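What follows is a short report on a single structure.
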2 protein chains.
Amino acid sequence: MARLSIVTDNPRPASRPERSAKAEQTRQTIIDAAMRLFRTHGYDKATMRAIADEAGVSIGNAYYYFSSKEHLIQAYYDGINAEHAERAAATLTTATSFADRLAGVLLAWVDVAEPYHEFAGKFFKNAAEPSSPLSPFSDDSEATRLAAIDLHRQVVDGSDIKLAKALRAELPELMWLLQMGVVLFWVHDTSDGQRRTRQLVEQAVPVIDRALRLTRIPGVRGLVDDVVGLVRTIKPTAG
Amino acid sequence: MARLSIVTDNPRPASRPERSAKAEQTRQTIIDAAMRLFRTHGYDKATMRAIADEAGVSIGNAYYYFSSKEHLIQAYYDGINAEHAERAAATLTTATSFADRLAGVLLAWVDVAEPYHEFAGKFFKNAAEPSSPLSPFSDDSEATRLAAIDLHRQVVDGSDIKLAKALRAELPELMWLLQMGVVLFWVHDTSDGQRRTRQLVEQAVPVIDRALRLTRIPGVRGLVDDVVGLVRTIKPTAG
DNA sequence: CGCAAGAGTTGAACATGTTCAAGAATAAGG
DNA sequence: CCTTATTCTTGAACATGTTCAACTCTTGCG
């Protein structure tokens, strides 16, 4: 699993990004230990003490590198995202229809995330707090979020779908929101292998595809402009 | 503020619902103490010890009545919902257009919830965990959820909007989902008085209204059936 | 080398949600 | 009233995320 540390928790000011080789190694050791324990014992059992033990460092040292358990989890989060991008690439290079591409990308996420489902509930809890750096809407997650949105831009751009320019520009962001919705459903989905989530994706994607193709109907056009305007108003201006 | 304890945390089996008058009183004392501290000192400062102290009982006793801090918060949750229903009634008896009714109900929620905004982040965190009884999707919250959905049914039924039968049946549930979306936005909204959330509601409602009226256009009709089918597939069958 | 400044490391201590064995108060049955 | 079962109450004890003052090691510089 590739490990992009997109969202870092660097204890040093940004102006001095270097870190000694040994420190970097210790840092990675801690991450690896945490991964191992999260996987084998779950979130609750993987206490900071256990992680520190497993990594062969003191508790205090773990906190020197990661200012909270949440920040430690961030590596997990990034790992899933990186794996998702990797896996989605297969779909993005082969499929041409919008529906296939979107379904492929969404199902790729479900596939990638499956091993973490049990863990995800606990993770999700932390991510839900607005002030948490793990929140998908937080400033800290911006890089991760933009990468995910970009993935959806590729879904659109590489597809055969015809859309109004304004809609095409905003659509990837809306699709990212859709993906957040899928994640929400997935987290609550207790069916085996998250069967119901896959069903949701497979059933929803054609409907979305159909809806998007309807946007070219004259009577619907005005509505689309309204939606785009709404998205633009709401979107970026933090605060 | 009315206090409907819709979702109770009864330590005794459901077959023996009675509780001594004194016990009931102690229970209420604890709730009141918790409310006071949540309001005055916020979620973090309102420790179980502080709450027990304020209520004049021991920590263990507080846990006898509420099996976790989350369950104690439930009263808060219910209180907001009850107040919302009360406040929404004004709109529901006067407004006749669908847009006005929906906007009125959603804005009523923002009004009612405003004092709790700071607190809400912490609350939301707990509610986000799927296994939490506080989750709006949990079995424990079913009564509360159904009440909220019913509120939206009143919005639809009392309005002048014309809709296909199937859509009309599912719409209240979709509107409840919309409300959850508004709540999500609201939680993350740091503008003063949650100005941006109000803006979102005011701008989104006319768009929704317009979209619903478009559902009668021939070409759109099939799409609506698909959406209804999708909602029905996904909705109830827990697990 | 010698030394100062900073990086890296430590574990005891703290705060808080939660549990639990034990006891006190109350209710039920005779 | 006495006995017994049940409800109610208690606070010490526990687990765990987090902090912090102190310590050791490394680096840079004369």
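Each chain gets a letter, A, B and so on, in the order its sequence line appears, and its residues count up from 1. All values derive from a computational prediction rather than experimental measurement.
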query: Below 4.0 angstrom, N of the basic side chain to O of the carboxylate: do A/Glu114 and A/Arg198 qualify?
result: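 Salt bridge: yes.
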Please report the distance, rounded to the nearest Å, between [atom1] in [X] and [atom2] in [N].
{"X": "A/Glu24", "N": "C/dA7", "atom1": "CD", "atom2": "P", "result": "16 Å"}
{"X": "B/Ile51", "N": "C/dT18", "atom1": "CD1", "atom2": "P", "result": "11 Å"}
{"X": "A/Phe66", "N": "C/dT9", "atom1": "CZ", "atom2": "P", "result": "12 Å"}
{"X": "A/Gln25", "N": "C/dT9", "atom1": "CD", "atom2": "C1'", "result": "15 Å"}
{"X": "A/Leu72", "N": "D/dT18", "atom1": "CG", "atom2": "P", "result": "10 Å"}
{"X": "A/Asp53", "N": "D/dT16", "atom1": "CG", "atom2": "P", "result": "12 Å"}
{"X": "B/Tyr65", "N": "C/dT18", "atom1": "OH", "atom2": "P", "result": "18 Å"}
{"X": "B/Met48", "N": "D/dT10", "atom1": "CE", "atom2": "C1'", "result": "15 Å"}

Looking only at the side chain of [X] (C-beta and beyond, no hydrogens), which of the listed nucleotides [options] gets closest?
{"X": "B/Tyr63", "options": "D/dC8, D/dT19, C/dT19", "value": "C/dT19"}
{"X": "A/Thr47", "options": "C/dT19, D/dG17, C/dT9", "value": "D/dG17"}
{"X": "B/Ser58", "options": "D/dT9, D/dT18, C/dT18", "value": "D/dT9"}
{"X": "A/Arg49", "options": "D/dT7, C/dT18, D/dG17", "value": "D/dG17"}

message: Donor-acceptor check, side chain of B/Ser191 to backbone of B/Arg196, threshold 3.5 angstrom: yes or no?
response: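 Checking the backbone N and O of B/Arg196 against the side chain of B/Ser191, a donor-acceptor pair under 3.5 Å is found.
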- prompt: In terms of the nearest nucleotide of DNA chain C, which residue is placed more toward the 5' end: B/Ile59 or A/Ala62?
  reply: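 So the residue in question is A/Ala62.
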message: If you assign B/Lys69 and B/Gly60 each to the DNA chain C nucleotide with the nearest heavy atom, which residue ends up on the more 5' nucleotide?
response: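 So the residue in question is B/Lys69.
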query: Where do B/Asp32 and B/Glu54 land on the side chain to side chain contact (heavy atoms under 4.5 Å, CB included) test, with the steps shown first?
result: CA-CA 9 Å; B/Asp32 290 343; B/Glu54 176 86 8; over 6 Å; no
For [X] and [N], is the shortest distance between a side-chain N/O and OP1 or OP2 below 4.0 Å?
{"X": "B/Asn61", "N": "D/dC8", "result": "no"}
{"X": "A/Thr26", "N": "C/dT9", "result": "yes"}
{"X": "A/Tyr64", "N": "D/dC20", "result": "no"}

- prompt: Once you round to the nearest 0.5 Å, how far does CZ of B/Phe66 lie from CD1 of B/Ile30?
  reply: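 Spacing of CZ (B/Phe66) from CD1 (B/Ile30) equals 6.0 Å.
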message: Any donor-acceptor pair under 3.5 Å linking the side-chain atoms of A/Asp189 with those of A/Thr197?
response: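 A pair is found: one side chain offers a donor N or O, the other an acceptor, under 3.5 Å apart.
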